[in-house]
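Shown next, in structure tokens, is the structure this report addresses.
What you are looking at is a predicted structure, and each value in this text was computed from that prediction instead of being measured. In what follows, chains carry the letters A, B, and so on, assigned in the order in which the sequence lines appear, proteins first and then strands, with residues in each chain numbered from 1.
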There are 2 protein chains.
Amino acid sequence: MAGKFKTKPKPVKAGAIRRRNVAKILKAAEDVFARKGFSGASTAEIARLAGVPKPNLHYYFRTKQALYEALLDRILEMWVEAMEELHPGVDPADALSRYVARKIDLSRRLPGPSKLWAMEMLAGAPHIGAFLRGRVRELVAEKSALVETWIEQGRIAPIAPAHLFFVIWAATQTYADFSVQMTSVLNRKTLDADFYDEARATITTLVLNGLGLKR
Amino acid sequence: MAGKFKTKPKPVKAGAIRRRNVAKILKAAEDVFARKGFSGASTAEIARLAGVPKPNLHYYFRTKQALYEALLDRILEMWVEAMEELHPGVDPADALSRYVARKIDLSRRLPGPSKLWAMEMLAGAPHIGAFLRGRVRELVAEKSALVETWIEQGRIAPIAPAHLFFVIWAATQTYADFSVQMTSVLNRKTLDADFYDEARATITTLVLNGLGLKR
DNA sequence: ATACAACTTGATCAAACGGTCAAGTTCTGA
DNA sequence: TCAGAACTTGACCGTTTGATCAAGTTGTAT
């Protein structure tokens with residue numbers, strides 16, 4: 001039998017209980033980390049929101065840091081995936097429209113990950129710096145090259161590809177990160193599907209017209 | 001003579017020492033609050049960064065909350081002011097170009113306020129909600145009306161004015177809030193003047209072309 | 001049925017937190 | 001010159017923090 005030669009007996013085998021509790025905790029943690037940031041969040045508040053005692057949280061996630069990184073792991077994949085909308089062979093106007101629509105949809109349906117990402121950036125990316133300098137850098141380089149070919153072929157107006165991405169990211173993610181500002185300023189209780197569609201339309205118009213593309 | 005009938009003897013008269021120390025503390029606080037948020041920041045870290053003992057910080061700012069609000073007071077005025085670039089009688093293309101340039105310049109020279117604002121929004125605007133529902137709402141209503149007249153006069157393409165503002169804010173402020181992401185992804189040590197000028201050019205292109213304006 | 005792994009939790013820890021205290025030292029106006 | 005205001009700071013307080021402990025209860029494979 002496999003002996004546990006370390007001080008901590010945390011199990012490896014997964015069960016239904018484990019999956020359910022881990023999911024509850026991750027969901028609560030996403031909310032609290034997104035509002036308070038890493039240092040501001042307390043494991044007690046996360047546990048309270050998840051409806052489990054604090055020691056139970058530490059049973060599944062040894063440290064606050066481990067919990068935070070588990071969340072980031074899930075989220076990072078989602079962001080990378082969305083960008084695959086831009087690939088060779090696709091029509092620039094179509095691809096960009098779809099990419100914007102997809103990013104707006106993520107901001108609407110899953111604002112938590114976007115806010116968590118924003119918190120991490122504001123804090124100086126202390127936990128995911130390596131990821132930025134690795135996978136994200138490669139992805140941006142690859143997609144920038146694609147945009148460059150579009151420019152060279154005269155299919156879109158000349159523009160700095162990296163800045164195009166920065167602006168699209170910002171414009172789409174602001175509808176998650178700054179949603180409180182929008183409800184407050186526009187005096188709305190919630191932001192409905194129509195609102196997000198206006199956002200999508202506005203950003204699409206600016207990007208496509210901005211690049212000299214037809215709608 | 002005016003008696004101090006409350007328990008706290010904090011002075012009212014301003015001196016050179018006071019001004020200098022308050023400035024040191026506010027500068028340090030801006031940095032720490034921007035990185036950690038309100039709940040995540042500690043007065044001890046702010047005091048350390050400011051180079052004063054913690055009790056001295058509390059001598060000038062009774063509570064962490066008071067320090068935070070003093071910062072927000074300074075910052076909010078700056079944001080309102082920049083928006084005055086858009087006023088009746090000005091040419092839309094000129095006004096929008098100047099507004100974007102000014103916001104990018106703020107992101108470059110004073111990233112702290114932008115990050116602090118972003119932190120406050122992510123946290124759910126617990127401290128400045130009233131300001132958003134008051135002054136900012138009025139300002140957006142006023143400037144939206146101006147944009148509407150431009151649309152009615154056929155001077156710019158039809159667009160939802162509020163969304164135009166949200167996108168411009170996001171696109172410009174991302175160069176302060178997410179600067180870490182940009183240095184990491186682009187493998188640069190710092191973001192120089194040229195970089196910010198590319199940003200300004202990109203956003204201006206997208207906005208002006210996007211609205212059907214000439215450059 | 002039973003034995004062991006998986007899970008639960010009240011109580012508790014040292015450290016860090018926001019904030020205070022009181023006893024100083026330095027500055028400034030008359 | 002000197003008194004009072006302004007400023008400084010080591011020591012400290014009660015609370016909350018992340019994390020642990022140990023003694024449980026529940027789930028499950030045989």
Got a sec, which pairs hit salt bridge (charged side-chain N to carboxylate O under 4.0 Å, His left out) with one end in residues 137-146 of chain A, sequence neighbours left out? A:E84-A:K143
I'd like to know if A:K27 pairs up with A:D31 as an ion pair, taking the criterion as any Lys NZ or Arg NE/NH1/NH2 lying under 4.0 Å from an Asp or Glu carboxylate oxygen. no
Name all residues meeting the ring pair (Phe, Tyr, Trp, His ring centres under 6.0 Å) criterion together with A:F195; count only those two or more places apart in sequence or in a different chain, and write none if there are none. A:Y175, B:H163
Salt bridge B:E30-B:K115, side-chain N to carboxylate O under 4.0 Å: no
A:Y60 has an atom OH; how far is it from atom P of D:dA19, in whole Å? 18 Å
Members of residues 23-34 of chain A that approach DNA chain D, where some heavy atom sits under 4.0 Å away: none
Applying side-chain contact (heavy atoms from CB on, under 4.5 Å) to B:T172 and not counting sequence neighbours gives B:V100, B:K103, B:I104, B:I168, B:I203
So if I take residues 40-57 of chain A and measure heavy-atom distances to DNA chain C, which residues fall below 4.0 Å? A:P53, A:P55, A:N56
Please tell me if A:N21 has a side-chain N or O lying less than 4.0 Å from either OP1 or OP2 of C:dT8. yes
Using the test side-chain contact (heavy atoms from CB on, under 4.5 Å), find all partners of B:A66 that sit at least two apart in sequence or belong to another chain. B:T63
Nearest whole angstrom, please: distance from the P of C:dG18 to the CZ of B:F61. 15 Å
Go through the structure and list residues passing ring pair (Phe, Tyr, Trp, His ring centres under 6.0 Å) with B:Y68, not counting sequence neighbours. B:F33, B:F38, B:H127
Listed partners of A:W79 passing ring pair (Phe, Tyr, Trp, His ring centres under 6.0 Å), at least two apart: A:W117
Tell me the interatomic distance from B:R19, atom CZ, to D:dA6, atom P, rounded to whole angstroms. 14 Å
Whole-Å distance, B:R18 CZ to D:dA5 P, equals 15 Å
Please check the phosphate of C:dT8 (OP1 and OP2 only) for any side-chain N or O of A:Y59 closer than 4.0 Å. no
Going by ring pair (Phe, Tyr, Trp, His ring centres under 6.0 Å), name the residues that satisfy it together with B:Y196, two or more places apart in sequence or in a different chain. none
Pick the closest DNA chain C nucleotide for B:T63 and for B:I17 by heavy atoms, then say which residue is nearer the 5' end. B:T63
Nearest whole angstrom, please: distance from the P of D:dA22 to the NE2 of A:H58. 17 Å
May I have the distance from B:K64 (atom NZ) to C:dG18 (atom P), rounded to whole angstrom? 5 Å
